[in-house]
**Q** 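Quick one: structure below, then a few questions.
The model shown is predicted, which means the values in this text are computed figures rather than measured ones. In what follows, every heavy atom counts, from backbone to side chain, and hydrogens, waters and symmetry copies are set aside.
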Amino acid sequence: MENGETQVGTVHLVGAGPGDPGLITARGLELLRRCDAVVYDRLAAPELVAEAPAGAERYFVGKEPGCHSSTQDEINELLVSLARRGLEVVRLKGGDPFVFGRGGEEAGALAEAGLAFDVVPGVSAAVAAPAYAGIPVTHRGVASSFAVVAGHPEGKVDWAGLAGFPGSLVLMMGVAGLRRATEHLIEQGRDPTEAAAIVEWGTTPRQRTVVGDLASIADLAEAAGIEPPATVVIGDVVTLRATVEWFQQPRGAVQEQDRSI
């Protein structure tokens, strides 16, 4: 560039959606198809990573509960380094970057470094996984509100407040802490017979759904071998599943496990 200026790139924090590659936004796909580098997590569909140009640099940072191939600080440093090289970078994050995706931390690191960035929201598994399991998180006459909470063990949660919340509850990253969460809710007065469901790998061919009630869902999930990623829904909206279910599993997919309430 003229006058010895150094070209600086931009980082796009792009939501990859909940798993189904077709659920990425048009804007996210446009940026992905023209980027110079893509930095992605394990929950970003491989089909989406393949949409990056053949010559684009690819960085797998593979964060998952209890086993991080890269620390958050290392990811932040990588994004800053790539942008300072003048690259157009897509940071491809499962779901929505700002819904339990630590996108705010990455945006903060880029802002502190004086680098340009933008955010492309994505479809969150908080609503998409239940939808693919036939569970609307709100429904007229059943639930007029819903709350989304991180269900992992280290999360600071107001269980008393959630126990009294009148709408649907959605627990993200809740497999490891599911038993603890249900016990706390029941201890704080939530009805143990309230309908509950857990959706594993929602929106993908690997999707499985286990249905029970608040008191039994942890045992049912454990018996079924449910593993992350999974989304938990607690509330009467789960009972609507019998009439709202629509997602057909592709041939050869893992069969859904459904336990009546």
Side-chain angles (χ1 to χ4, degrees), residues 18 43 63-68 94-96 98-102 104 124-202 207-242 244-245 256-261:
L43 296 183
K63 294 179 65 178
E64 59 181 297
C67 181
H68 295 178
D96 181 282
F98 282 5
V99 179
F100 302 125
R102 305 188 76 168
S124 173
V127 293
Y132 269 58
I135 302 170
V137 293
T138 64
H139 190 83
R140 186 171 61 174
V142 180
S144 60
S145 59
F146 68 100
V148 182
V149 60
H152 48 68
E154 66 270 23
K156 295 182 179 179
V157 178
D158 178 9
W159 294 114
L162 289 175
F165 182 72
S168 309
L169 300 182
V170 179
L171 274 59
M172 305 289 293
M173 304 173 289
V175 175
L178 179 56
R179 188 174 303 278
R180 171 179 174 270
T182 56
E183 289 174 351
H184 280 317
L185 288 169
I186 292 171
E187 288 171 359
Q188 296 296 329
R190 196 92 182 181
D191 182 359
T193 67
E194 186 175 23
I198 185 166
V199 186
E200 177 188 57
W201 284 102
Q207 177 174 311
R208 292 192 298 163
T209 303
V210 174
V211 176
D213 57 27
L214 184 59
S216 67
I217 193 63
D219 287 334
L220 294 175
E222 183 177 340
I226 297 293
E227 297 181 350
T231 303
V232 179
V233 186
I234 300 166
D236 290 342
V237 289
V238 174
T239 64
L240 299 170
R241 185 166 175 271
V244 179
E245 183 182 4
E256 179 183 88
Q257 297 193 27
D258 190 352
R259 311 295 177 90
S260 60
I261 297 172

**Q** So, do Val233 and Phe146 sit near enough that their side-chain heavy atoms are less than 4.5 Å apart?
**A** no
**Q** Once you round to the nearest 0.5 Å, how far does CG of Leu185 lie from CG of Leu171?
**A** 7.0 Å
**Q** Just so I know, are the side chains of Glu227 and Val175 near enough to count as touching, which here means a heavy-atom distance under 4.5 Å?
**A** no
**Q** Tell me, with the steps shown, if Thr231 and Met172 meet side-chain contact (heavy atoms from CB on, under 4.5 Å).
**A** CA-CA 5 Å; Thr231 303; Met172 305 289 293; 4.0 Å; yes
**Q** How long is the gap from CD1 on Ile217 to CD on Glu194, to the nearest 0.5 Å?
**A** 12.0 Å
**Q** Out of curiosity, Arg180 CZ to Glu187 CD, how far, rounded to the nearest 0.5 Å?
**A** 10.5 Å
**Q** Taking Arg241 for the side chain and Pro130 for the main chain, is one N or O donor matched with an acceptor at less than 3.5 Å?
**A** no
**Q** Please find the pair of heavy atoms, one from Ala126 and one from Val170, that lie closest to each other, and give the distance.
**A** O-CG1, 3.6 Å
**Q** Quick check: do Arg179 and Asp219 have side-chain heavy atoms less than 4.5 Å from each other?
**A** yes
**Q** To the closest 0.5 Å, what do you measure between CD (Glu200) and CD1 (Ile226)?
**A** 4.0 Å
**Q** Let me see the working for Arg190 and Phe165 under side-chain contact (heavy atoms from CB on, under 4.5 Å), right down to the final yes or no.
**A** CA-CA 9 Å; Arg190 196 92 182 181; Phe165 182 72; 4.1 Å; yes
**Q** Distance from Thr182 atom OG1 to Trp159 atom CH2, nearest 0.5 Å?
**A** 8.5 Å
**Q** Would you say the side-chain atoms of Ser168 pair up with the backbone N or O of Val137, donor to acceptor, closer than 3.5 Å?
**A** yes
**Q** Around atom CZ of Phe100, are there more than 12 heavy atoms from other residues, nucleotides or ligands closer than 6.0 Å?
**A** yes
**Q** Between Arg208 and Ala224, what is the shortest heavy-atom contact and its length?
**A** NH1-O, 2.9 Å
**Q** Which pair of non-hydrogen atoms, one from Gly94 and one from Leu43, has the smallest distance, and what is that distance?
**A** CA-CB, 4.3 Å
**Q** Output the distance between atom CG (Leu178) and atom CD1 (Ile234), rounded to the nearest 0.5 Å.
**A** 7.5 Å
**Q** Looking at every non-hydrogen atom in both residues, tell me the closest pair between Ala195 and Val238 and how far apart they are.
**A** CB-CB, 3.7 Å
**Q** Quick check: closest heavy atoms across Leu220 and Gly212, and the distance to 0.1 Å?
**A** CD1-CA, 3.7 Å
**Q** For the residue pair Asp236 / Thr239, report whether a side-chain donor-acceptor contact shorter than 3.5 Å exists.
**A** no
**Q** Considering non-hydrogen atoms only, spot the tightest contact between Pro136 and Val244 and give its length.
**A** CD-CG1, 4.3 Å
